[in-house]
Enquirer: 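Please find one structure pasted underneath; my questions will follow.
Heavy atoms only: backbone and side chains are in, while hydrogens, waters and symmetry mates are out.
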2 protein chains.
Amino acid sequence: MTLKIGELAALSKVSRDTLRFYEKHGLITPSARNASGYRLYSDADVHRISFIISAKEVGFTLNEIHQLLKLEVTKDEKSCQDVKQFVDDKIAVVNQRLAEIKRIKTSLQTLSNACCGGDKPATHCTILEALSDQTN
Amino acid sequence: MTLKIGELAALSKVSRDTLRFYEKHGLITPSARNASGYRLYSDADVHRISFIISAKEVGFTLNEIHQLLKLEVTKDEKSCQDVKQFVDDKIAVVNQRLAEIKRIKTSLQTLSNACCGGDKPATHCTILEALSDQTN
DNA sequence: GTAAACCCTAGAGTATAGTCTAGGGTCAAG
DNA sequence: CTTGACCCTAGACTATACTCTAGGGTTTAC
């Protein structure tokens, strides 16, 4: 299965321009071009863009994502130890972020539960009150 | 306990400029000023900046964070139903992000485990291979 | 009592991540 | 065989989130 840029854009919910922008910055290169120079994306490209989007959504910069993806192409030049160290560092970052997002989720949920759900004023509904309720 | 801007900056690991910037954009206002106009931050301010930083780290924009924090001051003007709806929407976003970050963590961990940890080339170490290993 | 280390404002400059425009070629349907 | 919906490049423009500079006042330690 190959997709043209507009099709991949629709599928991934990003713009064509964004795909070209990511390409210019080395994040994703279509696996082929047709005779007229149209970009043709493969299944692997679909996975790749999906990873890029997920990573971005949870707060990684394009630069960091680039580093993560680069592990693929530099694999023979770096020792395994280096790769492992880099990835383990990223796991630590991800764990931190996981804890933060859970904290935010808990406060949002406390907030939602505190709300009556009726149409009275939400007098006791504040994020910061919800946050400080946590034994954290 | 009150802190001057430099002290809060050191504590929160952001720059003074960032704190002033956040203030300009309505995210945080010091609870007081001294006679010379120096900003004085309270415990509540410390919690507030900590929330802002966490929310930002996990991918919320300053604008979204502003909306979350604004629930505090607009509480009497909005009906509880409105607040609940807004917060529940945010919870959905957070759940999505939680799933994504877990997916990334799993792939990073698969990647790390696949690495020998020795000093041989990391021939089979790629994020995308790790990602596609997942039954996802 | 002065020098280093802080604080203030206002506004310019920068990095990141797109988004849009101009000017042109391609393709599928009618 | 042309019209509308696509595709191309190059480069200008925008939004977000800082970061820095200039020019000046304040505080604290020696």
Enquirer: Using atom CG of A:L40 as one end and atom C1' of C:dT26 as the other, report the distance to the nearest whole Å.
Expert: 13 Å
Enquirer: In terms of the nearest nucleotide of DNA chain C, which residue is placed more toward the 5' end: A:K4 or A:T18?
Expert: A:T18
Enquirer: If you pin B:A35 and B:N63 to their nearest nucleotides in DNA chain D, which one's is more 5'?
Expert: B:N63
Enquirer: Would you kindly give the CG-to-C1' distance between B:L27 and D:dA17, to the nearest whole Å?
Expert: 11 Å
Enquirer: Quick one: is D:dC18 close enough that its OP1 or OP2 comes under 4.0 Å of any side-chain N or O from B:Y22?
Expert: yes
Enquirer: Can you figure out which of C:dC8, C:dG18, D:dC8 approaches the side chain of B:I5 most closely?
Expert: C:dC8
Enquirer: Roughly, in whole Å, what's the span from CD in B:E7 to C1' in D:dT26?
Expert: 14 Å
Enquirer: Does D:dT27 have OP1 or OP2 under 4.0 Å away from a side-chain N or O of B:S36?
Expert: yes
Enquirer: State whether a side-chain donor-acceptor pair under 3.5 Å links A:Q85 with A:D89.
Expert: yes
Enquirer: I want to verify a distance call: between C:dT19, D:dC18, C:dA17, whose nearest atom is closest to the B:F21 side chain?
Expert: D:dC18
Enquirer: Do any N or O atoms of the protein come closer than 3.5 Å to N or O atoms of nucleotides 9-12 of chain D, and which pairs are they?
Expert:
unit_1, atom_1, unit_2, atom_2, d
D:dT9, OP1, A:R33, NH1, 3.3
D:dT9, OP1, A:R33, NH2, 3.4
D:dT9, OP2, A:R39, NH1, 2.9
D:dT9, OP2, A:R39, NH2, 2.7

Enquirer: What is the distance, rounded to the nearest whole Å, between atom OH of A:Y41 and atom C1' of D:dC8?
Expert: 12 Å
Enquirer: C:dT19 C1' sits how many Å from A:H25 NE2, rounded?
Expert: 12 Å
Enquirer: Could you check whether A:E23 pairs with A:R33 (Lys NZ or Arg NE/NH1/NH2 to Asp/Glu carboxylate O, under 4.0 Å)?
Expert: yes
Enquirer: How many whole angstroms separate atom CD1 of A:I53 from atom P of C:dA17?
Expert: 14 Å
Enquirer: Would you kindly say whether B:S107 and B:T110 are connected by a side-chain donor-acceptor distance under 3.5 Å?
Expert: no
Enquirer: Using salt bridge (Lys or Arg N to Asp or Glu O under 4.0 Å), reason through A:R20 and A:D17 one step at a time and then give a plain yes or no.
Expert: CA-CA 5 Å; A:R20 294 195 197 100; A:D17 279 333; 3.2 Å; yes
Enquirer: Rounded to whole Å, how long is the line connecting atom NZ of A:K56 with atom C1' of C:dG18?
Expert: 9 Å
Enquirer: Could you state the atom-to-atom distance from CG of B:L19 to C1' of D:dC18 in whole Å?
Expert: 12 Å
Enquirer: Please name the pair of heavy atoms, one in B:I52 and one in B:I65, separated by the smallest distance, quoted to 0.1 Å.
Expert: O-CD1, 3.6 Å
Enquirer: When you measure from the centre of the six-membered ring of B:F60, is the NZ or CZ of B:R97 closer than 6.0 Å and no more than 45° off the axis?
Expert: yes
Enquirer: Measure from the side-chain heavy atoms of B:Y38 and tell me the nearest of D:dC18, C:dC6, C:dT26.
Expert: C:dC6
Enquirer: Consider only side-chain N and O atoms of A:S50 and B:R103, and report whether a donor and an acceptor are under 3.5 Å apart.
Expert: yes
